[in-house]
There are 2 protein chains.
Amino acid sequence: MPEQLSAAAPRRVTLKDVARASGVTASTVSKVVNGRRDVGPEARQRVLDTIDRLGFHPNSVARGLRMQRSDTLAIVTDDLEGIFTNAMMRGVEDAASSAGFGVFLCNSYGDRDREQLQLQRLLDKRVDALIFMSGNRVGRRPEPALPLQGTPYVYLYEYGDAQVSTVLPDDVGGGALAATHLVDAGASRIAFINGPREWEATADRLHGFTRELTALGHPFDRSLLRWSPSWNAEDGYFLANELMDIVPDLDAIFCGSDDLATGAMAAVHDRGLSIPDDVQIVGFDDRSLAEHQRPPLTTIALPLHQMGHLAGEQALASLERTTAPAVFRVPCELVVRKSTRGG
Amino acid sequence: MPEQLSAAAPRRVTLKDVARASGVTASTVSKVVNGRRDVGPEARQRVLDTIDRLGFHPNSVARGLRMQRSDTLAIVTDDLEGIFTNAMMRGVEDAASSAGFGVFLCNSYGDRDREQLQLQRLLDKRVDALIFMSGNRVGRRPEPALPLQGTPYVYLYEYGDAQVSTVLPDDVGGGALAATHLVDAGASRIAFINGPREWEATADRLHGFTRELTALGHPFDRSLLRWSPSWNAEDGYFLANELMDIVPDLDAIFCGSDDLATGAMAAVHDRGLSIPDDVQIVGFDDRSLAEHQRPPLTTIALPLHQMGHLAGEQALASLERTTAPAVFRVPCELVVRKSTRGG
DNA sequence: TTGAAAGCGCTACCAC
DNA sequence: GTGGTAGCGCTTTCAA
């Protein structure tokens, strides 16, 4: 009977195959594969050659069973289609990949039952660590929907009350960045269209913004602050108009999102004013739409990739159980384009 | 010595624990867990109770080793941050999740060496099937960077020359949809700002568009066709202006992307014309920016979630090795908003 | 330096 | 119906 009848799924070569073919036992091959030093040079070479010749690759499942670790991370998110999730996931994947880890992707849709189901599956698969990532909000999240049996986890773009490592953008610093830039660019009557009050980030940004303005000798005129009910362009348009009605000599608007900024720019245009000559605009987020505005929008970039990367690293680090949990505030970055005079 | 010194990572309960605690052997427990019928009712009940009491969950790694299957899919993409990847991934995750499968995420950055590395890891982890997903283009891709050892795979939003199941949007139908809608809406001088020539999709859309127009008794005037060098708003703006210069009585523009349409709308506005009263605009893709345009943009929605879902299902189906590979064209959908008079 | 043996947690075959 | 046994592919003592 021919051994390889179906070429489709040939039996994969195992440790034992290598052992047999190089005239040693499985133990020795295992040692070679794992870089142990207690193997004779000639035996090692023979094994190495055979591995190459046979194209042997260790079965991770078997190794995982034996080692009680799977070299696998998981991202569980409440919104796989959130506008920021992509970039963060790429960061996580980068970090995991560099360490030889795989990453599972789970979407809970923010539903607790679903999260529970997903978590149980992940625990059954023995993932080594979890990353809870929020897609559409920054805010406190409840405990994981399931006791995690000692599996370590970190929060990314969200936080809980547990003793858990947490990765967030530095919103305070982001606000300060906008303030510095606008003052540098010669603005003196500066308004702030902030995002919705419910979002923790908005308080932080306001704080950073006003504090920095004060430090720079341009204390913020609170009457020029607006809390937008949403992050959308429509509200940016409306609020910018409202501001310009009240203060005709307004010369700069800092917006809590690129969408708000887009609306604000439309409002400025509609009055026949020029950006940045009459009014300078700064956005927040650095979504792709920012650079395609006319003029291209100066904005504060959320460090999404770095945040994801850091979360991945922290998840990995948690496996060593050596470091204490911490909260990380990743610096935002000022991206100067044409809607301000700076740069 | 206390058994549970570290509460952090208690030993997990195994099949054997359940067996012991219910006075049967592992075999019997296994049968119960797997819903076998050859177990006595009272034994079954006892086992079930114990499972519940102890909180037993089968170890997937062990099961995977034994069964030679991991209940795991993998997505390998060349662009994790592509504007369409999110939605497709969610579709895949939905399909996988419903079947109790997990999904690995891999980013090759379009780099062949990286893809090779990733694929090898996935094979080592014994994933059951792969989904190759393109993030930023529709086009022929080379063979997988590694012989897949019989692991089945499908293409999503890209295709190769192999005998491989492939999931693509129905671009021909999408073009036709736009034609029908515009004619219904009373347009008679219709232009088409198509995407770049290199993209396979653009030829398909043009074909569907013109064929349908002809069928409707409004043959397409080829002089009103433009091939944009990019998908961006800038080019949409420029080309729309060019078209309006040449044909003053233009009353509709079909654009190959929502970004192109955004540019076209700006051009129309700049001339003091009204949308949709003077000129109707239809986009393509249905990205989130579409519904926030002023007026909100009528567009042809790419069925990204459905495509991902279908790809997931096909990957799952390929495990049964019963169906022949096929290429699927998932219908686009007309989303009527305010930039056209239809609806 | 090498290998025999045990075992990670599970399923399946085949007696009883 | 039930359980003993073997084994999935690997790592790790421990003895030789």
Side-chain angles (χ1 to χ4, degrees), chain A residues 9-48 50-51 54-72 100 121 123-128 149, chain B residues 9-48 50-51 54-72 100 121 123-128 149:
Chain A
R11 200 175 68 65
R12 259 117 134 170
V13 15
T14 73
L15 201 69
K16 224 187 280 184
D17 295 330
V18 176
R20 198 163 17 234
S22 18
V24 296
T25 61
S27 325
T28 305
V29 178
S30 174
K31 286 169 185 166
V32 171
V33 169
N34 293 294
R36 289 272 126 71
R37 323 224 19 145
D38 55 346
V39 182
E42 63 297 333
R44 151 166 288 117
Q45 195 52 53
R46 224 165 347 122
V47 169
L48 251 18
T50 322
I51 286 179
L54 266 41
F56 167 72
H57 291 275
N59 179 333
S60 305
V61 178
R63 175 178 283 175
L65 176 58
R66 177 62 227 228
M67 305 288 277
Q68 307 278 45
R69 88 196 311 270
S70 57
D71 289 355
T72 297
R121 274 192 202 142
L123 294 183
D124 295 349
K125 288 198 190 309
R126 296 297 189 266
V127 302
D128 297 319
Q149 310 262 62
Chain B
R11 200 175 67 65
R12 259 118 133 169
V13 17
T14 74
L15 200 70
K16 224 186 280 184
D17 295 330
V18 176
R20 197 164 18 234
S22 19
V24 295
T25 62
S27 323
T28 304
V29 178
S30 174
K31 286 171 185 166
V32 171
V33 168
N34 293 293
R36 289 272 126 72
R37 323 226 15 144
D38 55 347
V39 182
E42 62 297 333
R44 150 167 288 116
Q45 196 50 55
R46 223 165 349 122
V47 169
L48 251 18
T50 321
I51 287 178
L54 265 41
F56 166 72
H57 290 275
N59 178 333
S60 305
V61 179
R63 176 178 282 177
L65 177 59
R66 178 64 228 227
M67 304 289 276
Q68 308 279 44
R69 88 194 315 268
S70 57
D71 289 356
T72 298
R121 275 193 201 140
L123 293 184
D124 295 350
K125 287 198 190 308
R126 295 297 188 269
V127 301
D128 297 319
Q149 310 262 64

Expressed as a whole number of angstroms, how long is the span from B:R12:CZ to C:dC10:P?
11 Å
Is it true that B:D124 and B:R121 have a side-chain N and a carboxylate O under 4.0 angstrom from each other?
no
Nearest heavy atoms of A:N59 and A:V61, plus distance in Å
OD1-N, 2.7 Å
When the rotation axes relating C1' atoms of four end pairs to the next four are compared across the helix from C:dT1-D:dA16 to C:dC16-D:dG1, five pairs an end, they differ to 10° by 50°
Do B:V32 and B:V29 come within less than 4.5 Å of each other through their side chains, counting heavy atoms only?
no
Please tell me which of A:T25 and B:V61 maps to the more 5' nucleotide of DNA chain C, matching each residue to the nucleotide holding its nearest heavy atom.
A:T25
Taking only Lys NZ, Arg NE, NH1 and NH2, and the carboxylate oxygens of Asp or Glu, determine whether B:D17 and B:R11 approach each other closer than 4.0 Å.
yes
How does protein contact run along nucleotides 10-16 of chain D, one letter per nucleotide 5' to 3', with B for base contact, S for sugar-phosphate only, - for none, heavy atoms under 4.0 Å?
BBB----
Distance, nearest 0.5 Å, that separates CG of A:L15 from CZ of A:R20:
10.5 Å
Would a 4.5 Å heavy-atom cut-off, applied to side chains only, mark A:D71 and A:R63 as touching?
no
A:R12 CZ to B:L123 CG distance, which is reported to the nearest 0.5 Å:
5.5 Å
Measure the distance from CG on A:L65 to P on D:dG7 and round it to the nearest whole Å.
17 Å
Phosphate-side-chain proximity, B:Q68 and D:dG9, N/O vs OP1/OP2 below 4.0 Å:
yes
A:R20 CZ to D:dG9 P: how many Å, rounded?
11 Å
Extract all donor-acceptor atom pairs below 3.5 Å that involve side chains of residues 39-48 of chain A and protein atoms in other chains or at least two apart in sequence.
residue, atom, partner, partner atom, Å
A:R44, NH2, A:R36, O, 2.6
A:Q45, NE2, A:D49, OD1, 3.1
A:R46, NH1, A:S22, O, 2.7

